[in-house]
2 protein chains.
Amino acid sequence: MCIIKSINYKFDPGSWLPAKMKKRISIHDIARELNLSATTISFVLNGKAEEKKISEDVRRKVSDYIKKVGYQPNMIAKSLRTGKTRVIGMLVEDLSDPFFSGISRGIETIAYDHKYKIFFASTENDTEKTKALIKVFRERQVDGYIMAPPCGVEDEISALMEDNVPVILFDRYLPSLNTNTVIIDNFSGSYQAVKHLQENGFSNIALITLNSEQTQMHARLQGYSKAIEESGFQPVVQKLPCKLSHQAGAEMVREFIKQHDKVDAIIFATNYLAISGLQAIRDLGLAIPGNIAVVGFDDNTHFNLFTPSITAVAQPTEEIAQEVVHQLLNALSNERESKKRRMVMLPVKLIVRDSSFPKVIKKIVHSQPSTMKTS
Amino acid sequence: MCIIKSINYKFDPGSWLPAKMKKRISIHDIARELNLSATTISFVLNGKAEEKKISEDVRRKVSDYIKKVGYQPNMIAKSLRTGKTRVIGMLVEDLSDPFFSGISRGIETIAYDHKYKIFFASTENDTEKTKALIKVFRERQVDGYIMAPPCGVEDEISALMEDNVPVILFDRYLPSLNTNTVIIDNFSGSYQAVKHLQENGFSNIALITLNSEQTQMHARLQGYSKAIEESGFQPVVQKLPCKLSHQAGAEMVREFIKQHDKVDAIIFATNYLAISGLQAIRDLGLAIPGNIAVVGFDDNTHFNLFTPSITAVAQPTEEIAQEVVHQLLNALSNERESKKRRMVMLPVKLIVRDSSFPKVIKKIVHSQPSTMKTS
DNA sequence: GATTCCTATCTAATCGTTTCAAACCAGGAA
DNA sequence: TTCCTGGTTTGAAACGATTAGATAGGAATC
């Protein structure tokens, strides 16, 4: 445990002089300096020069000066006065989860292009933590919310909507609430996954999912059940507790596989469940898809690099991000628009790879290692 | 392309009444209601009741009332008055990169525990974009900065430091600047990687890195060079352009491998280079480590699930996050402390897995599939 | 010459806090 | 009665912007 640490030293010998902290320049300083009023400066600054008929002369004088001194307006003051912060509060389940960090990244880019900043926070799917975060965001007067909400925050969200604060939900929604929402076709995702496995000769298909009431998990279960039901086989569903470490998850999947030796294919309902599951299958020394086929939910940059590569239901993260921001900006910019509620459901794509076919044809090296099949 | 979209409908028939927008309750409203002054309310609210000798009676009256009406202070106004926002600006290269999103997650948690919020933004390693982001953050009066800076922003950072705004750099630093910094021992990381490969029989070891002047990349190159030099072999270094798509990266690694058929091991200097590299190796149908051994930089949740599992230099992300926040909070809370500069270098760990050994001993099933060896 | 209209600019209130300095109120001392 | 003192409470000025409404000065209209 070599810690090469604390290369410690003092800096800047004379810097604690009478705390000279050169005060940041304000709009009034500029006004005084140029013998104008703050109002005029403000007009020029906010592009109202035309509208307010500020003379060309003054306009130039002001813009030259602010450039010269590098004036930076104080957004805090501006926000206090206008009531708008141009900040969006974003709540995801876990910022380090690739699905959420991918979406966050997309949203960040578009939002910054529109001069909005974002507070990101992870809810960990914890109702109380989420409530606290919403409270904090309210104190900070964020203009709008984007969230993948846990259950139990209906009241807080209603309160926001009653105060005309735009809220966009994504990934899941709250059935009792009429909100703007962007989700994907989870039902179709797992339905397709089952059908695909069946077409490739697998019949004892299990679903490993979370013990969660959230809509996206529910829809995935429904899609699975419907497809299984249509085929006349028996559904085999295992629900794992929500907050599970990677190791504990792997452990539980191992147990599940041991106790269900007839299962020849597993669909994992989230990306981290798939990772735990792959770990379990590897620990047990089973072959994919020889002993057991696998389909994941949420594609992952790495799934095509696994051996075998992993079939997955891919979510259109880029589009989700776009749609979410689009809805939010709409609601923010347009009083009338903000009264409408819309739910958008985006399609998923089943990315077929080696982990899910074929069961019967053995040892055939298929020339196309990674095919794509669209829903 | 089935888009089940725009389930559009109006909501809330009577909600555009005389814009009744119930005004948020302020400290003055409370004061009026309780026949007290705003000052008193403020004292109670900020825990100064003791110090200011507010009577027990008044104290209770105030706190009961604010609880009853669910008063939420306006942080914007507070910030304007105090000059403190309790917001941290965080600039990473790419929020969707697992390394950065992992660190961000860690920092988020600790910061929120200390009642700080965070603006996250991705620099994409772009100097101009970063300058713009710093400007935006300044306008928003963030209290402190955490960044993994690109080259070329020295002036902006100096300006911040001159204004006594705390700045903590991580992952890399700017040599011309005397800043608070948290980095890892990159030199040792690649040095160990080379030594490890050599001990396992590989001699023609290449480094695939980025064409970047950043300190972390430089140190990784130095560590590699030093180790190679000590062994008397020839260094083989390939520098790829910084902004490269996964596909383009794979393409370039493929070319590299084709043109260097003597190379029997490759060290990838970042996690995404490793991913591109693995793709390339797979595309070429080469065996790991039979044809070519592989070591990555930055461990990845998935590396132990690859077949073979991938050896990597692991960064202590949790500790990095802790150290960064610790330094920042120190600087924020402590005027005197904020004048000190310290650089902390944390150790790395080489996680040895199947992708890097053994070269000579063939076909031996090693009983421990995933060993860990500590630096 | 008085009235109106434009143009170009300014005064002052406001947003919701914090905080300095002053005020108020008892009770005790002079 | 006046003064002092210490414990409570308050008035009002910040903080740095926006913005409705005022204003001043000239040109145009009657």
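With salt bridges taken as basic N to acidic carboxylate O contacts below 4.0 Å, one links B:Lys131 and B:Glu128. Salt bridge absent: B:Arg24 and B:Asp29 never bring a charged side-chain N and a carboxylate O closer than 4.0 Å. Salt bridge absent: B:Arg105 and B:Glu318 never bring a charged side-chain N and a carboxylate O closer than 4.0 Å. Between B:Glu33 and B:Lys61, none of the side-chain N atoms (NZ, or NE/NH1/NH2) sits under 4.0 Å from a carboxylate O, so this pair counts as no salt bridge. Ion pairing of B:Lys67 with B:Asp64 is absent here, as no side-chain N (NZ or NE/NH1/NH2) approaches a carboxylate O to less than 4.0 Å.
Side chain of B:Thr179 to backbone of B:Thr181: no donor-acceptor contact under 3.5 angstrom is found.
Between B:Phe137 and B:Phe119, the ring planes lie parallel to each other; the angle is under 30°, not in the 30° to 60° tilted range.
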For every nucleotide of nucleotides 4-12 of chain D, 5' to 3': is a protein heavy atom under 4.0 Å from its base (B), only from its sugar-phosphate (S), or from neither (-)? ----SBBBB

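In this structure, A:Lys84 reaches neither bases nor backbone, as no heavy-atom distance under 4.0 Å exists between it and the strands shown. Note on A:Ser26: only backbone sugar-phosphate atoms sit closer than 4.0 angstrom, heavy atoms only; bases stay farther off.
Between A:Ile27 atom CD1 and D:dT19 atom C1' the separation is 12 Å, expressed in whole Å. The CD atom of B:Gln141 sits 13 Å away from the P atom of D:dC15 (whole-angstrom rounding). One interatomic measurement links the two molecules: CZ of B:Arg140 to P of D:dA17, which rounds to 14 Å at whole-angstrom precision. Counting to the nearest Å, the C1' atom of C:dG16 and the CZ atom of B:Arg32 are 12 Å from each other. Rounded to an integer number of Å, the gap from CZ of A:Arg81 to C1' of C:dT17 is 16 Å. A:Met75 places its CE atom 11 Å from the P atom of D:dA17, with the value rounded to the nearest Å. If you measure from atom CG of A:Leu80 to atom C1' of C:dT17, you get 8 Å, rounded to the nearest angstrom. Distance, B:Asn74 CG to C:dT14 P: 17 Å, rounded to whole Å.
The phosphate of C:dT17 (OP1 or OP2) has a side-chain N or O of B:Tyr71 nearer than 4.0 angstrom. The side chain of A:Asn46 places an N or O atom within less than 4.0 Å of a non-bridging phosphate oxygen (OP1 or OP2) of D:dT18. Within the structure, a side-chain polar atom (N or O) of A:Lys78 is placed less than 4.0 Å from OP1 or OP2 of D:dT18.
The listed nucleotides are C:dT17, D:dT18, D:dA17; the one nearest the side chain of A:Ser42 is D:dT18.
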